[in-house]
Amino acid sequence: MALGLRRVVVEVDSMTVLRLLSQRYGREVPMTIVQHIFIFLNRDWSIKFVHAYREANAVADRLAKSVPFGSLEFRIFVDPPHFISALLQVDCTTSAMSGKVVQNVFIAQFYQQNRQFGTQYQRDCCAPYTRTLPPFHGGKLAWTSISSMQMRNLPNYQSGFVNRGTFYCSAASSATAIPSLDKVDFLKLQNGSDIRGVAVSGVEGEPVNLTEPVTEAIAAAFAAWLLDRKKVDASRKLRVSIGHDSRISAQQLQDAVSRGIASGGLEVVQYGLASTPAMFNSTLTEDEAFLCPADGAIMITASHLPYNRNGFKFFTNAGGLGKSDIKDILERAANIYSDFLAKGYSVKNASESVKKVDYMIVYASDLVKAVRKAAGNIEKPLEGFHVVVDAGNGAGGFFAAKVLEPLGAITSGSQFLEPDGMFPNHIPNPEDKAAMKAITEAVLSNKADLGIIFDTDVDRSAAVDSTGRELNRNRLIALMSAIVLEEHPGTTIVTDSVTSDGLTSFIEKKLGGKHHRFKRGYKNVIDEAIRLNSVGEESHLAIETSGHGALKENHWLDDGAYLMVKLLNKLASARASGRVDGSKVLTDLVEGLEEPAIAVELRLKINQSHPDLKGRSFREYGEAVLKHLENSIASNPKLQKAPVNYEGVRVSGFGGWFLLRLSLHDPVLPLNIEAPSHEDAVKLGLEVASAVKEFQALDTSALDKFVQPQ
């Protein structure tokens with residue numbers, strides 16, 4: 001029970017809310033929407049909803065009336081001054097001392113069921129209010145009269161729920177107890193050159209580990225790391241820019257990051273919704289009106305991962321931080337978190353150190369200028385072109401209105417441009433079949449010249465031509481290689497390890513370039529291209545099959561929007577030279593690319609609890625599997641090991657090839673097979689299955705299923 005507070009009961013007439021919503025949207029709104037929204041106070045959803053409809057639909061006069069949802073009476077007890085401003089800014093927890101964030105564990109289910117309405121109410125009514133509310137200067141709020149187990153069980157009683165739940169929220173300014181974590185716990189958050197974790201509960205088996213205290217410690221560690229690297233005098237503060245994608249935990253983590261940076265004495269500049277490439281660009285732009293350049297930048301994103309995940313990417317003007325830098329930051333963060341444990345953790349106000357800027361104006365303008373320059377400084381070089389964009393409800397929606405339309409392009413039919421962290425329409429991933437199907441259908445149904453699709457944070461992209469042909473994976477690499485080799489004949493194209501043999505032939509025999517196949521991981525590919533240049537081998541393009549692509553001319557930044565600008569440049573220059581056949585100029589560039597009839601990726605998981613590991617790590621066990629496979633191939637005259645290979649075991653045979661490698665981060669051995677027929681692919685699969693069958697901790701069920709007779 002909340003103590004020492006003047007309580008106010010705030011209740012909403014649910015039937016009036018339904019009526020107002022139905023009037024606003026011209027359709028019947030299901031009661032489940034209201035039940036779910038008001039049963040649980042999730043700051044990214046319900047509180048915005050309450051505030052928005054107090055203002056927009058004149059529900060204010062019905063507040064403080066005791067009207068039940070059917071037979072469920074819902075009450076919010078809260079300190080009056082903090083009804084809107086405090087609740088919007090705070091995490092509700094099961095106990096004032098728990099430190100665990102309790103999120104809406106069933107909001108995803110109802111949201112998927114009512115996705116059209118859900119997306120619209122969030123876009124129309126929630127977003128406009130998020131920046132106009134007064135800042136919160138209080139402490140934490142806590143649920144005190146209902147357990148998290150009871151909250152999880154609420155969906156079972158949606159109909160005929162007869163119990164009355166009274167929820168109390170209490171504002172507390174004292175220190176909050178936080179769970180004990182050590183260096184090992186922090187290092188588990190490393191994902192190569194990124195940090196990734198679970199920021200929202202509700203997915204079974206995925207406990208939250210990217211809490212506000214953890215986030216604040218990581219940000220403070222980055223501030224300390226940056227101060228060590230940037231030796232500046234005391235006359236100026238270092239400046240860090242912060243941006244985020246559309247995830248539902250973005251605001252919460254942005255606040256925590258801001259506190260961590262400010263605690264180190266650095267200036268904080270919040271960009272709000274932004275793209276990863278824009279964050280790096282903010283360290284290069286020189287424009288004090290936009291508080292640039294930033295000395296460091298943080299992007300809050302988890303790329304295409306599910307809604308409950310989030311993470312961080314870090315930049316300086318030298319580029320993205322590497323694996324060793326991330327490890328250093330996490331080790332520092334563990335020490336800072338230890339201080340939180342020892343001295344007590346409490347939320348401090350960072351507003352005095354925080355400024356807000358719409359940097360995406362600058363970033364989008366630079367993209368527009370690049371296309372105009374390539375077209376001979378024509379104001380609208382894409383006039384008459386019809387280009388549709390699919391942003392997947394991520395951060396890429398700006399591209400239609402802020403880049404394409406100023407260039408004269410028609411963008412009608414573009415879809416999923418509004419940011420929505422539940423990603424209700426498809427995974428924002430250019431490698432995902434459903435995502436590519438969505439943009440392909442949009443191109444064909446709108447008779448567009450070109451379709452463009454981005455991942456959540458816009459560092460990856462793909463395209464679709466006017467016939468519906470997908471330009472992603474090997475095709476996108478071939479297309480970008482053709483464009484770059486026109487500009488830089490003979491240059492080396494660096495790719496990841498799973499690119500096809502047909503791509504090698506295309507780059508080297510048709511285009512006259514050199515194909516340097518390296519390891520998986522966008523940072524690995526980019527760093528290898530930089531290394532080649534440093535030793536005298538010219539390289540202008542580093543690109544992965546995932547859609548990560550970086551150009552030397554663009555500071556080796558993997559920028560999905562800039563890749564698409566290179567495609568738009570070709571369209572614009574072709575139009576300027578008199579061609580009027582739309583995206584055929586792009587399709588023609590990949591003519592002659594040999595593509596396999598069969599291309600599959602099978603994931604062979606390592607059971608880390610299996611006794612066959614004999615105390616070894618999954619990485620050691622995986623390396624043993626690869627070594628055994630390599631030895632077995634050496635005595636097989638039907639197979640030939642790739643003479644140059646930087647990752648795993650790559651083998652040619654039966655007219656195709658396979659690559660078995662160890663995942664960069666997970667206990668998995670991905671197996672890629674490409675072949676001219678299913679029969680030949682099965683033969684390659686059988687060779688692998690025979691070689692690894694003695695490794696009992698290796699789950700080969702996916703491979704076994706693939707090689708079974710049809």
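We use all heavy atoms of the structure for the numbers below, so side chains are in, but hydrogens, waters and symmetry mates are not.
Glu286 CD: 12 or fewer foreign heavy atoms inside a 6.0 Å radius. More than 12 heavy-atom neighbours from other residues, nucleotides or ligands sit within 6.0 angstrom of CD on Glu595. Remark: Lys230 NZ is packed, more than 12 non-hydrogen atoms of other residues, nucleotides or ligands lying under 6.0 Å away. In the displayed structure, Leu291 atom CG is contacted under 6.0 Å by more than 12 heavy atoms of other residues, nucleotides or ligands. Other residues, nucleotides and ligands place no more than 12 heavy atoms under 6.0 Å from the NZ atom of Lys519. The environment of Lys584 atom NZ is sparse: at most 12 non-hydrogen atoms of other residues, nucleotides or ligands sit within 6.0 angstrom. More than 12 heavy-atom neighbours from other residues, nucleotides or ligands sit within 6.0 angstrom of NZ on Lys510.
In this pair, Phe312 and Phe314 present their aromatic rings tilted. The plane angle is within the 30 to 60° band. Relative ring orientation between Tyr271 and Tyr359 is described as parallel, the plane-to-plane angle staying below 30° on a 0-90° scale split at 30° and 60°. The aromatic rings of His488 and His540 lie parallel to each other, with less than 30° between the two planes, well short of the 60° mark. Ring pair Phe280/Phe315 is tilted by interplanar angle, where 30° to 60° counts as tilted.
Residues Glu538 and Thr492 have side chains not in contact (no heavy-atom distance under 4.5 Å, counting atoms from C-beta outward).
The backbone N or O of Ala318 sits less than 3.5 Å from a side-chain atom of Thr316, completing a donor-acceptor pair.
In the model, Asp465 has a side-chain atom that pairs as donor or acceptor with a side-chain atom of Thr587 under 3.5 Å.
Using a 4.0 Å cut-off between charged side-chain N and carboxylate O, Glu528 and Arg520 make no salt bridge. Ion pairing between Asp366 and Lys373 fails under the 4.0 Å rule for side-chain N and carboxylate O. For the pair Lys566 and Glu487, the salt-bridge criterion is met [side-chain N within less than 4.0 Å of a carboxylate O].
Exactly one residue among Thr276, Thr301, Asn310 makes a side-chain hydrogen bond (donor to acceptor under 3.5 Å, both in side chains) with Asp245. That residue is Thr301.
To the nearest 0.5 Å, atom CG of residue Asp459 and atom CG of residue Leu557 are 8.5 Å apart.
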